[in-house]
Q: 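What follows is a structure written as structure tokens; I'll ask about it next.
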Amino acid sequence: MQTEDDGVVTLLGVRGSCPVWGPAFARYGGSTACVFVQMGGQSIVLDAGTGLLSLADVFPHGEQRFSLLLSHPHVDHLMGLPLCPLLQRSEFSVSLYSSPRDGRHTLEQVAALLAPPLWPVGPESFAAHMRWEDLPAPMFALGAVEVRCLEVVHPGGSTAFRLSCQDRSLVYVSDAEESEYSLQRLVDFAAGCSLLLIDGQFTKEELTDHQGYGHMAWETAVSVGRRCGAEELRIIHHAPERTDRQLDEFEERLFQMRGDDHYRFARCGERICL
Ligand SMILES: [Zn+2]
Ligand SMILES: [Zn+2]
């Protein structure tokens, strides 16, 4: 259903690895990976971190279906599922897509978290009608939206997404480590996008002690944006210990580098028009 919010991207969770809370994190937010995309009449959710608990607050009234694309099944990208209010409503239909990983398909990936002793009930407890799909990579369609997929470097694997409709596009790269080879592939994948949401958990300096953690430095994320010509860029997956004050300092450096505010650090709750 096409609404007046078509073309709007809402950032529901931009924290990485673990949710955080308290005054030091109030402005950039503490909820983990979740982005709501309204495009081409489709409601598409990227990842199911704790930001998913806020989906009901922004979901269009009267709409009863959405697609949920998982980048990968690490816990910070899944832990919003069991308590998402919309999944407890029987009139809802949800198609959940993930790439098979270690021989596990989508339902098995979710069931690995939603099972005793980690959680009292399994995925069968959702009241919504759930469809568990293998991600039809590298490309498929959700109505008028073309979805492209790219595997990126991360322990256990992770998928980047490019959602396009007419001449507007969103590229979502959560949890991706850098190497010269992988960066060029990312630049090609994101070429000319309207909005790039990209992992920048570390600083260049921190990265020297965090090789193999599966994340990139925000300075590199900015360089990917510049090289691919992204119109807008938001750095996501903020480290759990990163305070608002530190992110303000980074953003000031970013502004000095570019001289405009089209490239910024993502804030939870932010709405961006494509
Ligand atoms: Zn993550
Ligand atoms: Zn991860």
Side-chain angles (χ1 to χ4, degrees), residues 9 11-21 25 28-37 45-55 68-84 96-106 108-114 118 135 137 149-161 170-179 182-183 185-186 189 196-203 206-207 209-218 220-221 224 233-242 247 250 265-268 270:
V9 175
L11 309 182
L12 298 176
V14 296
R15 190 64 56 171
S17 304
C18 180
V20 293
W21 60 93
F25 310 104
Y28 290 86
S31 297
T32 65
C34 188
V35 174
F36 180 44
V37 185
V45 177
L46 303 173
D47 277 332
T50 59
L52 188 64
L53 273 66
S54 308
L55 179 62
L68 203 166
L69 313 184
L70 275 186
S71 62
H72 66 305
H74 280 164
V75 68
D76 52 323
H77 298 252
L78 274 187
M79 63 171 89
L81 273 180
L83 293 174
C84 173
L96 213 155
Y97 296 85
S98 182
S99 275
R101 302 201 181 276
D102 295 327
R104 285 184 166 151
H105 296 271
T106 307
E108 295 162 313
Q109 292 170 16
V110 171
L113 176 66
L114 301 191
L118 296 180
L135 197 61
C149 311
L150 177 75
E151 271 303 292
V152 293
V153 179
H154 191 65
S158 180
T159 309
F161 298 107
L170 159 72
V171 174
Y172 176 77
V173 185
S174 191
D175 296 40
E177 184 146 0
E178 56 192 81
S179 70
S182 66
L183 287 183
R185 289 175 70 224
L186 270 184
F189 184 69
L196 174 60
L197 302 174
I198 183 166
D199 180 354
Q201 173 151 347
F202 297 124
T203 64
E206 290 167 345
L207 200 61
D209 294 331
H210 295 85
Q211 297 288 329
Y213 280 54
H215 301 286
M216 75 175 83
W218 69 262
T220 307
V224 170
L233 177 143
R234 296 293 181 275
I235 291 162
I236 56 172
H237 213 273
H238 308 319
E241 68 276 14
R242 196 80 74 208
L247 288 166
F250 294 168
F265 285 77
R267 287 165 171 75
C268 191
E270 186 178 0

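Given the structure is predicted, the values throughout are model-derived calculations rather than measurements. Residue numbers count from 1 along this sequence. Below, each value reflects all heavy atoms present in this structure, side chains not excepted, and no hydrogens, waters or symmetry copies. When a ligand or atom number is given, it counts from 1 through the structure's own listing order.
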Q: Is it the case that the ring center of H215 lies less than 6.0 angstrom away from the ring center of H210?
A: no
Q: Consider only side-chain N and O atoms of D175 and H77, and report whether a donor and an acceptor are under 3.5 Å apart.
A: yes
Q: Between CZ of R242 and NE2 of H237, what distance do you get to the nearest 0.5 Å?
A: 12.5 Å
Q: Looking only at non-hydrogen atoms, find the nearest pair between S71 and Y172 and report the distance.
A: CB-CE2, 4.4 Å
Q: Just jot down the salt bridge (Lys or Arg N to Asp or Glu O under 4.0 Å) partners of E108, sequence neighbours excluded, or say none.
A: none
Q: Distances under 2.8 Å only: what protein N/O/S atoms are near the Zn ion (ligand 1), ordered by chain and residue?
A: D76 OD2, H77 NE2, D175 OD2, H237 NE2
Q: With no hydrogens and no angle check, do the side chains of E151 and S158 hold a donor and an acceptor under 3.5 Å apart?
A: no
Q: Quick check: of its N, O or S atoms, which one does H154 have closest to the Zn ion (ligand 2)?
A: NE2
